[in-house]
Amino acid sequence: MPAPSPGLHRALLGLWAALGLGLLGFSAIAQEPFWADLQPRVALVERGGSLWLNCSTNCPRPERGGLETSLRRNGTQRGLRWLARQLVDIREPETQPVCFFRCARRTLQARGLIRTFQRPDRVELVPLPAWQPVGENFTLSCRVPGAGPRGSLTLTLLRGAQELIRRSFFGEPPRARGAVLTATVLARREDHGANFSCRAELDLRPHGLGLFENSSAPRELRTFALPPDSPRLAAPRLLEVGSERPVSCAMDGLFPASEAGVYLALGDQRLSPDITLEGDAFMATATTTASTEQEGARQLVCNVTLGGESRESRENVTVYSFPEPLLTLSEPNAPEGKTVTVTCTAGPRALVTLDGIPAAVPGQPAQLQLNATENDDRRGFFCDAALEVDGETLSKNESAELRVLYAPRLDDSDCPRSWTWPEGPEQTLRCEARGNPEPSVHCARPDGGAVLALGLLGPVTRALAGTYRCTATNAQGEAVKDVTLTVEYAPALDSVGCPERITWLEGTEASLSCVAHGVPPPNVSCMRSGEAGVIIEGLLRVAREHAGTYRCEATNARGSAAKNVAVTVEYGPSFEELSCPSNWTWVEGSGRLFSCEVDGKPEPSVECIGSGGTSEGVLLPLAPPGPSARTPRIPSELAPGTYICNATNRHGSMVKTVSVSAESPPEMDESTCPSHQTWLEGAEAAALACSARGRPSPQVRCSREGAPRPQRLRVSREDAGSYRCLATNPHGTDARIVTVGVEYRPVVAELAASPPGGVRPGGNFTLTCRAEAWPPAQISWRAPPGALNIGLSSNNSTLSVAGAMGSHGGEYECAATNAHGRHTRRITVRVAGPWLWVAVGGAAGGAALLAAGAGLAFYVQSTACKKGEYNVQEAESSGEAVCLNGAGGGASAGTGAEGGTEAAGTAEAPAGGEVFAIQLTSA
């Protein structure tokens with residue numbers, strides 16, 4: 001078979017290649033998940049707004065594509081696999097645009113959702129009633145047209161800032177728009193003037209937008225309460241023409257009372273009332289005046305209006321005319337004996353009565369006639385008129401007075417012949433005469449002297465007393481009368497007739513009398529104060545008991561006067577033992593003076609002068625007789641002895657001998673009773689050394705403060721403390737505090753080593769020594785020979801060694817010393833080390849040790865111990881032995897291991913030489 005040509009081969013290869021590529025492309029198309037996408041897929045747009053939609057696909061080569069929607073379009077932009085289109089004036093509540101592409105013979109689609117929202121631009125609250133009765137329901141209705149979606153709306157009805165009802169429309173269909181909220185509210189008084197409003201909230205925050213709010217214009221509610229009762233109308237049933245009468249209209253339970261309207265009228269005449277408010281009540285008052293044209297029956301109307309409702313009251317009022325009656329006298333001022341006619345008239349329908357006598361018929365006058373006499377002067381006539389109006393009888397009257405002219409008359413009743421007046425108070429002097437015209441009266445002394453001021457109020461004096469002639473005169477004649485005036489006055493006790501002070505002399509005769517002035521003449525009596533009923537009369541033999549205060553009293557019909565009279569009885573001086581003793585003791589420092597009071601009137605002067613011994617010619621200072629007298633200087637010393645006292649006044653003198661002695665109170669000071677005293681423990685017990693100065697000699701007693709001191713034969717430390725010493729004599733006491741200190745010999749109470757039981761070579765140890773003593777003891781130490789580097793504390797109570805060696809082992813002695821003695825105690829310190837060290841030390845340096853020990857012992861004895869004390873601190877860095885405050889061989893043979901005592905000042909001598917022991921033992 002022939003082979004294919006090269007061209008065919010190439011054609012087949014191309015076909016296979018094309019088929020392969022086609023199959024490969026088909027396979028890719030078949031396997032690729034192509035889609036169409038619309039963005040935004042869900043959109044919320046404000047109504048009337050615009051929106052760009054982007055329609056795209058992932059198809060490599062879409063055949064065609066587009067966007068289907070009923071909304072208006074404004075512009076389009078395209079690409080190979082996308083399409084963008086702007087939608088404008090979107091108003092439909094909800095639309096679903098479709099994005100599509102044709103790809104590989106398939107249609108790819110994507111649906112979107114566009115919803116619109118509308119803000120609550122219009123929030124309307126239905127108008128409220130102009131007036132709303134309290135206690136009745138009214139309706140609040142709120143409309144929000146077009147706002148939506150309704151499911152995102154919330155409406156709230158408010159009273160002021162208070163929420164009344166709030167409703168959310170969540171769950172309503174998405175296409176629903178607009179909302180209405182209605183509520184029924186009970187009207188209250190406090191709602192009057194309150195503003196009601198509606199608030200709308202469109203909450204699009206869950207959709208990525210904001211919260212849109214709006215409120216309606218507030219509407220004011222006016223509430224009212226008007227009771228069903230009619231107002232209370234108060235008015236006169238009858239009203240006279242030309243008269244003014246008050247009318248009133250009142251009502252309770254109104255709210256608000258200030259908004260109520262009041263109409264008040266009488267017939268066609270509207271009144272202008274004054275309104276008074278008090279809480280929920282009002283009162284309208286007015287004054288009405290009727291005119292002649294209104295005469296007859298009329299109605300008074302009161303109308304109250306509130307909240308479109310009204311309440312009304314009516315009262316019938318009768319308007320009438322009733323003129324005043326007329327009363328006339330033919331001659332109002334008629335001479336005595338003249339005939340007078342009296343006439344009474346009134347209106348045409350009135351019936352008149354003159355002094356109780358009626359006229360014959362209504363409208364006719366009434367008359368009477370009389371012959372004028374003195375008794376008719378100032379006679380009154382009365383005219384009464386009666387008129388019947390609307391079943392009620394009204395009356396008016398008129399009066400007139402008749403004057404009759406006659407000559408004066410002076411009667412005893414109006415002008416008495418004898419007048420008696422008390423002095424002092426103001427009186428109106430009257431002497432009245434009858435007569436018309438009224439007479440003038442003049443009263444004067446017949447000799448042309450004083451004139452009485454009649455009819456004037458003035459004080460009555462004694463100068464007015466006497467006889468006067470009174471004359472009454474008028475145009476009709478004259479009358480004359482003599483009168484006598486007597487002026488009475490209360491008694492008076494003056495210093496001339498009754499002096500305030502009277503002085504009598506003891507043993508003479510005298511009388512107590514007082515003369516008083518007064519009208520009528522007064523009676524005078526005197527009696528001693530405190531002795532009622534005992535009247536002093538006649539001559540008296542004057543004695544001292546007559547001195548005192550007497551009360552003299554003068555009495556008459558006009559009163560009484562009283563006066564105290566002080567009677568003084570004078571007499572010569574006399575001494576009394578109680579007030580001026582014959583024996584007197586002066587106490588030093590007491591500040592007292594000799595008191596010598598002498599009886600006598602006037603008060604005698606007293607002077608006391610020494611008559612012998614140390615008091616010769618000395619003037620004895622005397623205590624002043626009274627608190628107001630000047631006190632003489634109080635002497636610091638007074639000479640005892642005999643003094644002669646002389647008392648003198650204008651009625652004589654008297655002398656008395658006085659014996660004066662001098663004493664003093666106790667006194668203690670540092671010289672007689674030292675404040676600090678010292679005892680020695682163990683000494684024989686004795687009393688405190690305290691004494692006192694004073695006359696007589698004071699007795700001194702001392703007692704311990706706090707716990708009492710027990711009785712002992714010997715002084716103990718417990719006797720120390722504070723004692724109070726008290727010195728006493730008849731003139732006082734003196735106290736002093738004494739501090740007692742008890743001193744005692746020293747005792748080493750404690751001697752201890754730390755650490756106890758020994759110390760290794762190179763170790764540290766401390767010795768502590770505590771002593772009891774007063775005054776405090778001085779501590780000293782004695783150490784073993786060869787002990788170096790020893791340290792002492794500041795008060796020597798502690799001995800310390802750092803880096804102990806064998807030379808530090810041995811016996812240490814602590815000694816305590818004060819002014820009363822010395823006491824010691826000893827303690828042994830063991831310094832122990834290894835046997836190897838002991839052996840080596842013994843072999844290598846035995847000879848040297850023995851030589852050094854002997855030399856050192858000799859040196860210590862010959863140097864430091866000869867001084868009796870060696871300063872350890874100076875020897876700490878030297879190779880010298882230590883011997884402190886104890887040169888010699890230590891304690892006597894009788895002293896035990898714990899130590900012994902030595903008396904102060906005892907010589908310390910070696911007892912056979914010092915012995916130094918060092919014990920080296922195994923650890």
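Here, residue 1 is the first one in the sequence, and each next residue gets the next number.
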Undergrad: Please check this pair: side chain of Arg298 against backbone of Gly296, looking for a donor-acceptor N/O pair closer than 3.5 Å.
TA: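 Not a single qualifying donor-acceptor pair exists.
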Undergrad: Does the distance from a Lys or Arg side-chain N to an Asp or Glu carboxylate O, for Arg159 and Asp191, drop under 4.0 Å?
TA: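 Asp191 and Arg159: salt-bridged.
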Undergrad: Verify side chain to side chain contact (heavy atoms under 4.5 Å, CB included) between Ser413 and Glu432, making sure each step is shown before the conclusion.
TA: CA-CA 9 Å; Ser413 59; Glu432 298 178 350; over 6 Å; no
Undergrad: Is the CD atom of Glu309 crowded by more than 12 outside heavy atoms at less than 6.0 Å?
TA: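 Above 12, so yes.
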Undergrad: So how far is it from Asp274 CG to Ser248 OG, rounded to the nearest 0.5 Å?
TA: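 Between atom CG of Asp274 and atom OG of Ser248 there are 12.0 Å.
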Undergrad: Within the structure provided, determine whether Leu238 and Tyr320 are in side-chain contact (heavy-atom separation under 4.5 Å).
TA: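 They are in side-chain contact.
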Undergrad: More than 12 heavy atoms of other residues, nucleotides or ligands under 6.0 Å from CZ of Arg311: is that the case?
TA: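 Yes, CZ of Arg311 has more than 12 neighbouring heavy atoms, counting only those of other groups under 6.0 Å.
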Undergrad: Tell me whether Asp355 contacts the main-chain N or O of Phe382 through its side chain, where contact means a donor paired with an acceptor under 3.5 Å.
TA: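 Such a contact is found between Asp355 side chain and Phe382 backbone.
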Undergrad: Short question: side chain of Ser330, backbone of Thr341 - any donor-acceptor pair under 3.5 Å?
TA: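 Looks like yes, one N/O pair under 3.5 Å.
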Undergrad: Measuring only between side-chain heavy atoms, which start at C-beta, is Trp419 closer than 4.5 Å to Val483?
TA: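 Yes, side chains in contact.
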Undergrad: Has the side chain of Asn303 got a donor or acceptor atom that lies under 3.5 Å from a matching backbone atom of Tyr263?
TA: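 Pair absent, no side-chain N/O of Asn303 close to backbone of Tyr263.
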Undergrad: Determine whether Val565 and Thr549 make a side-chain contact, defined as any pair of heavy atoms from C-beta on separated by less than 4.5 Å.
TA: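 They are not in side-chain contact.
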Undergrad: Without swapping roles, check the side chain of Lys396 against the backbone of Phe322 for a donor-acceptor pair under 3.5 Å.
TA: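 Judged by distance alone, yes, a pair lies under 3.5 Å.
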Undergrad: Apply side chain to side chain contact (heavy atoms under 4.5 Å, CB included) to Cys431 and Leu410, showing your working.
TA: CA-CA 8 Å; Cys431 180; Leu410 288 171; 4.3 Å; yes
Undergrad: Report the C-alpha distance between Gln367 and Thr343 in whole Å, list the side-chain angles of each, state the deciding distance to 0.1 Å, and finish with yes or no for side-chain hydrogen bond (donor to acceptor under 3.5 Å, both in side chains).
TA: CA-CA 4 Å; Gln367 284 187 343; Thr343 305; 3.1 Å; yes
Undergrad: Is the backbone of Tyr406 close enough, under 3.5 Å, to the side chain of Asn474 for a donor and an acceptor to pair up by distance?
TA: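 Yes.
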Undergrad: Any heavy-atom pair between the side chains of Leu239 and Thr288 that's under 4.5 Å?
TA: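 Side-chain contact under 4.5 Å: yes.
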Undergrad: Are more than 12 heavy atoms from other residues, nucleotides or ligands located less than 6.0 Å from atom CD of Glu438?
TA: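 Not more than 12 within 6.0 Å, no.
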Undergrad: For Asp268, look at atom CG and say whether over 12 heavy atoms of other residues, nucleotides or ligands are found less than 6.0 Å away.
TA: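 No, because the 6.0 Å sphere around CG of Asp268 holds 12 heavy atoms or fewer from other groups.
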Undergrad: Side chain to side chain contact (heavy atoms under 4.5 Å, CB included) for Val460 and Tyr489? Distances and angles first, verdict last.
TA: CA-CA 10 Å; Val460 176; Tyr489 52 92; over 6 Å; no
Undergrad: Measure the shortest side-chain to side-chain distance between Val134 and Arg188 over non-hydrogen atoms and say whether it is less than 4.5 angstrom.
TA: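 When only atoms from C-beta onward are counted, Arg188 and Val134 do not touch, as no gap falls below 4.5 Å.
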Undergrad: Hey, is the main chain of Thr568 close enough, under 3.5 Å, to the side chain of Thr503 for a donor-acceptor pair?
TA: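 Answer holds: no.
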Undergrad: If you compare all heavy atoms of Thr345 against all heavy atoms of Cys383, which two are closest, and at what distance to 0.1 Å?
TA: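 Thr345 and Cys383 have their closest heavy atoms at N-SG, 4.4 Å.
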Undergrad: Hey, what do you get for SG (Cys249) to CD (Glu312), rounding to the nearest 0.5 Å?
TA: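 The distance works out to 10.0 Å.
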Undergrad: Any donor-acceptor pair under 3.5 Å linking the side chain of His192 with the backbone of Thr223?
TA: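 Yes: the side chain of His192 pairs with the backbone of Thr223.
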Undergrad: Dump the intermediate steps for salt bridge (charged side-chain N to carboxylate O under 4.0 Å, His left out) on Arg237 and Glu392, then the final yes or no.
TA: CA-CA 10 Å; Arg237 192 170 65 86; Glu392 184 175 345; 2.6 Å; yes
Undergrad: Start with the C-alpha gap between Glu500 and Ser495, add the side-chain angles, then the distance that decides, and say whether side-chain hydrogen bond (donor to acceptor under 3.5 Å, both in side chains) holds.
TA: CA-CA 6 Å; Glu500 290 84 0; Ser495 298; 2.9 Å; yes
Undergrad: Do Arg232 and Asp252 sit within salt-bridge range, that is, some charged N less than 4.0 Å from a carboxylate O?
TA: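 Yes, Arg232 and Asp252 are salt-bridged.
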Undergrad: Go through it in stages, so that I can follow the logic: the residues are Arg445 and Val451, the test is side chain to side chain contact (heavy atoms under 4.5 Å, CB included), and I'd like the CA-CA distance, side-chain angles, deciding distance and then a yes or no.
TA: CA-CA 7 Å; Arg445 292 184 187 271; Val451 177; over 6 Å; no
Undergrad: Tell me whether Gln294 contacts the main-chain N or O of Ser291 through its side chain, where contact means a donor paired with an acceptor under 3.5 Å.
TA: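 The answer is yes, because a donor-acceptor pair under 3.5 Å joins these two groups.
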Undergrad: Kindly give the heavy-atom pair with the smallest separation between Pro491 and Ala561, and that separation in Å.
TA: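 Taking Pro491 first and Ala561 second, the nearest heavy atoms are O-CB, 3.3 Å.
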Undergrad: Going by atom types alone, do Glu244 and Thr287 pair a side-chain donor with an acceptor below 3.5 Å?
TA: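 No, no side-chain donor-acceptor pair sits under 3.5 Å.
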Undergrad: Under 4.0 Å between a side-chain nitrogen and a carboxylate oxygen: does that hold for Glu401 and Arg379?
TA: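 Here Glu401 does not pair with Arg379 in a salt bridge, since their nearest N and O are not under 4.0 Å apart.
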Undergrad: Less than 4.5 Å apart, side chain to side chain, heavy atoms only: is that true for Val342 and Leu354?
TA: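 In contact.
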Undergrad: Does Glu426 have more than 12 heavy atoms from other residues, nucleotides or ligands lying within 6.0 Å of its CD?
TA: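 Counting neighbours around CD of Glu426, more than 12 heavy atoms of other residues, nucleotides or ligands fall under 6.0 Å, so yes.
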Undergrad: Could you grab the distance from atom CE of Met527 to atom CG of Leu512, nearest 0.5 Å is fine?
TA: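 Those atoms lie 11.5 Å apart.
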Undergrad: Do other residues, nucleotides or ligands put more than 12 heavy atoms under 6.0 Å from the CZ atom of Arg544?
TA: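 Yes - once you tally the heavy atoms of other residues, nucleotides and ligands closer than 6.0 Å, there are more than 12.
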Undergrad: Please check if the number of heavy atoms outside Lys601 that lie under 6.0 Å from its NZ is greater than 12.
TA: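 Incorrect, the count does not exceed 12.
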Undergrad: Please examine the side chains of Cys443 and Val441, heavy atoms only from C-beta on, and report whether any two atoms are closer than 4.5 Å.
TA: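 Yes, at least one pair of side-chain atoms sits under 4.5 Å.
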Undergrad: Locate the shortest heavy-atom distance separating Gly337 from Asn371; write the atom from each residue and the value.
TA: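 Smallest heavy-atom distance, with atoms named: O-OD1, 2.6 Å.
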Undergrad: Would you say Arg528's side chain and Ala547's backbone share a donor-acceptor pair under 3.5 angstrom?
TA: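 Yes, because the side chain of Arg528 sits within donor-acceptor range (under 3.5 Å) of the backbone of Ala547.
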Undergrad: Please find the pair of heavy atoms, one from Ser560 and one from Thr555, that lie closest to each other, and give the distance.
TA: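 Looking at all heavy atoms of both residues, the shortest contact is CB-OG1, 3.8 Å.
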Undergrad: Less than 2.5 angstrom apart at the SG atoms, yes or no, for Cys470 and Cys415?
TA: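 Unbridged: Cys470 and Cys415.
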Undergrad: Nearest heavy-atom pair of Ala372 and Ala334: which atoms, and what distance?
TA: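 Heavy-atom minimum between the residues: CB-CB, 4.3 Å.
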Undergrad: In plain terms, say whether Glu553 and Lys563 are close enough for a salt bridge, that is, a side-chain N and a carboxylate O under 4.0 Å apart.
TA: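 Looking at Glu553 and Lys563, the cut-off is not met.
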Undergrad: After noting the C-alpha distance and the side-chain angles of Asp412 and Lys481, does the key distance pass the salt bridge (charged side-chain N to carboxylate O under 4.0 Å, His left out) rule?
TA: CA-CA 10 Å; Asp412 289 342; Lys481 189 175 188 179; 2.2 Å; yes
Undergrad: What is the distance from atom CG of Leu300 to atom CG of Leu264, rounded to the nearest 0.5 Å?
TA: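 One finds 5.5 Å between CG of Leu300 and CG of Leu264.
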Undergrad: Is any side-chain heavy atom of Pro256 closer than 4.5 Å to one of Phe224?
TA: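 SC-SC contact between Phe224 and Pro256 confirmed.
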Undergrad: How many angstroms lie between OG in Ser258 and CD1 in Ile275, if you round to the nearest 0.5 Å?
TA: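 Between Ser258 OG and Ile275 CD1, I get 11.5 Å after rounding to 0.5 Å.
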Undergrad: Indicate, with yes or no, whether the SG-to-SG separation of Cys498 and Cys552 is under 2.5 Å.
TA: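 Judged by the SG atoms alone, which are 2.5 Å or more apart, Cys552 and Cys498 are not bridged.
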Undergrad: Give, for atom CZ of Arg403 and atom CG of Asn436, the distance between the pair rounded to the nearest 0.5 Å.
TA: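 The CZ atom of Arg403 sits 4.0 Å away from the CG atom of Asn436.
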Undergrad: Where do Ala433 and Pro439 come nearest, in terms of heavy atoms and distance?
TA: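 Shortest heavy-atom contact: O-CD, 3.7 Å.
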Undergrad: Please determine which of Leu128, Leu164, Asn137, Leu221 meets the side chain to side chain contact (heavy atoms under 4.5 Å, CB included) test together with Val185.
TA: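 When side chain to side chain contact (heavy atoms under 4.5 Å, CB included) is applied between Val185 and each of Leu128, Leu164, Asn137, Leu221, only Leu164 qualifies.
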